[in-house]
Amino acid sequence: MTGVSEGARRRPAPPLRSYVRWYDGYRLSGFPAGAHRGLPSTDLTVVLTIGEPLELAKPAATGQQPGRFRSLASGLATAPVTIAHDGNQHGIQLALTPAGARALLGVPAGALGAWVVELEDVLGAEARELQDRIAATDEWPGRFAVLDDVLGRAAVRESTAVDSGLARAWQRLTAAEGPDAPHSPGVREVADDIGWSRRHLTKRFTAEYGVGPKDAARLARFDRSRELLRRPGRQRLSDVAARAGFYDQAHLARDWRDLAGVPPSKWMVEEVFPIVQDGDGPPDAGSES
């Protein structure tokens with residue numbers, strides 16, 4: 001039997017767009033039971049399940065035990081997670097920016113690190129409201145409207161913005177690069193730009209984001225390569241490497257082994273169950289369940 005994948009993608013309401021990049025609704029059924037590799041990203045991840053909880057079989061954070069989550073939040077990591085599934089998944093994934101961690105979750109991304117936590121632990125009563133209202137709503141537009149409502153209220157709570165120097169450093173290190181854009185600047189160049197020493201930048205950056213400046217740039221390149229590999233048609237790895245900002249194909253392969261645990265060619269063969277933490281969401285942004 002061939003699995004069925006359906007869902008919808010939408011940007012949040014304008015007041016939330018500096019905090020959340022996308023809402024990705026997904027409903028997948030009839031796939032073979034197995035495991036899904038959740039890859040690292042420059043986005044923090046929030047997942048609200050509909051129906052069965054998500055089973056985290058292998059976390060990215062050293063020391064975290066496997067567990068089941070009805071709703072979760074996770075920070076930035078440089079290792080994949082493994083999600084066990086029975087061939088079916090249903091829920092909504094949100095891609096949060098580091099600013100969104102502070103505004104919506106009330107903590108910097110660095111406070112989460114690579115850990116996965118219950119959403120209620122950081123969002124409080126709004127997490128329970130989201131879970132209940134989304135479960136009682138049948139279609140994606142209504143579910144996304146619930147997110148706009150609840151998160152819009154959560155975002156007006158008093159919060160401390162990311163330091164302007166750190167925000168500029170993040171933007172410079174993770175900005176798009178490739179054949180039509182320059183490579184990401186080095187850490188020293190970014191430190192000079194904001195008037196800090198390299199050591200001070202690295203310390204402050206890691207405390208805020210949970211990853212260091214070099215890893216942030218690596219995650220950004222990795223994100224771009226994954227998005228390119230998921231596009232229809234056969235992709236030459238050398239072309240993907242150039243377009244994503246890697247020095248060459250060997251550089252691409254090394255980072256994939258380090259960050260994903262497998263080379264990109266193997267990931268493309270194995271990835272038959274595109275659920276959460278893929279970054280690019282369901283393929284059809286207009287469909288509804």
Side-chain angles (χ1 to χ4, degrees), residues 5 21-22 24 26 28 31-32 34-47 54-64 66 72-85 89 93 95-96 109 112-116 173-174 176-178 183-184 209-283:
S5 171
R21 294 200 308 118
W22 296 105
D24 282 318
Y26 58 90
L28 303 108
F31 286 83
H36 166 77
R37 192 185 300 268
L39 301 183
S41 172
T42 52
D43 295 322
L44 289 83
T45 297
V46 167
V47 175
L54 182 147
E55 183 175 349
L56 184 65
K58 183 179 180 182
T62 301
Q64 179 164 16
L72 62 84
S74 65
L76 305 179
T78 56
V81 301
T82 301
I83 299 164
H85 62 82
Q89 287 286 333
Q93 176 176 316
L96 266 64
L112 292 174
W115 284 73
V116 177
L173 288 162
T174 63
E177 58 178 298
H183 284 281
S184 293
Y209 299 116
V211 296
K214 288 185 177 180
D215 278 334
R218 291 175 76 210
L219 287 170
R221 285 192 300 268
F222 178 80
D223 263 349
R224 290 190 290 272
S225 68
R226 179 181 53 188
E227 291 170 2
L228 290 167
L229 289 167
R230 290 294 298 272
R231 292 180 181 178
R234 184 175 179 82
Q235 306 284 335
R236 293 180 52 178
L237 291 180
S238 58
D239 292 338
V240 170
R243 294 184 62 187
F246 293 89
Y247 292 114
D248 53 27
Q249 186 175 332
H251 183 200
L252 169 77
R254 285 195 302 273
D255 271 9
W256 266 81
R257 285 193 295 269
D258 289 345
L259 297 171
V262 293
S265 55
K266 184 175 181 181
W267 173 73
M268 287 187 287
V269 171
E270 292 181 343
E271 187 50 53
V272 296
F273 192 65
I275 52 171
V276 296
Q277 292 201 3
D278 275 347
D280 52 354

> Please walk me through it: do Phe222 and Thr78 pass side chain to side chain contact (heavy atoms under 4.5 Å, CB included)?
Replying inline: CA-CA 10 Å; Phe222 178 80; Thr78 56; over 6 Å; no
>> Using the rule given for side chain to side chain contact (heavy atoms under 4.5 Å, CB included), can you reason through Leu76 versus Leu44, listing the C-alpha separation, both sets of side-chain angles and the distance that settles it, and then say yes or no?
In response: CA-CA 6 Å; Leu76 305 179; Leu44 289 83; 4.0 Å; yes
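Taking OH from Tyr247 and CG from Leu252, the interatomic distance works out to 14.0 Å, rounded to the nearest 0.5 Å. Interatomic distance, CZ of Phe31 versus CD of Gln89, reported as 11.0 Å (0.5 Å rounding). Put simply, OG1 on Thr82 and NE2 on His36 are 9.5 Å apart, with the number rounded to the nearest 0.5 Å. A distance of 9.5 Å separates CH2 of Trp256 from CG of Leu237, quoted to the nearest 0.5 Å. Leu112 CG to Trp115 CH2: the interatomic distance, rounded to the nearest 0.5 Å, is 11.5 Å. Distance check, rounded to the nearest 0.5 Å: CZ of Arg21 to OG1 of Thr42 gives 6.0 Å.
Contact annotation: the side chain of Pro40 approaches that of Leu259 to within less than 4.5 Å [non-hydrogen atoms, C-beta and beyond].
Residues Ala216 and Thr174 share a closest heavy-atom pair of O-CG2, 3.8 Å. Between Val81 and Ala60, the shortest heavy-atom contact is CG1-N, 3.5 Å. Across Arg37 and Val262, no two heavy atoms sit closer than the pair NH2-CG1, 3.3 Å. Nearest heavy atom pair, residue Tyr26 against residue Gln93, reads CE2-N, 3.9 Å. Of all non-hydrogen atoms in Pro80 and Leu39, the two that sit nearest each other are CB-CD2, 4.4 Å. Smallest separation of non-hydrogen atoms from Leu72 and Val116: CB-CG1, 3.9 Å.
Between His251 and Phe246, the ring planes are perpendicular. Angles over 60° get that label, and only those under 30° would be called parallel.
For the salt bridge (charged side-chain N to carboxylate O under 4.0 Å, His left out) test with Arg221, the passing option among Asp215, Asp258, Asp255 is Asp255; the others fail.
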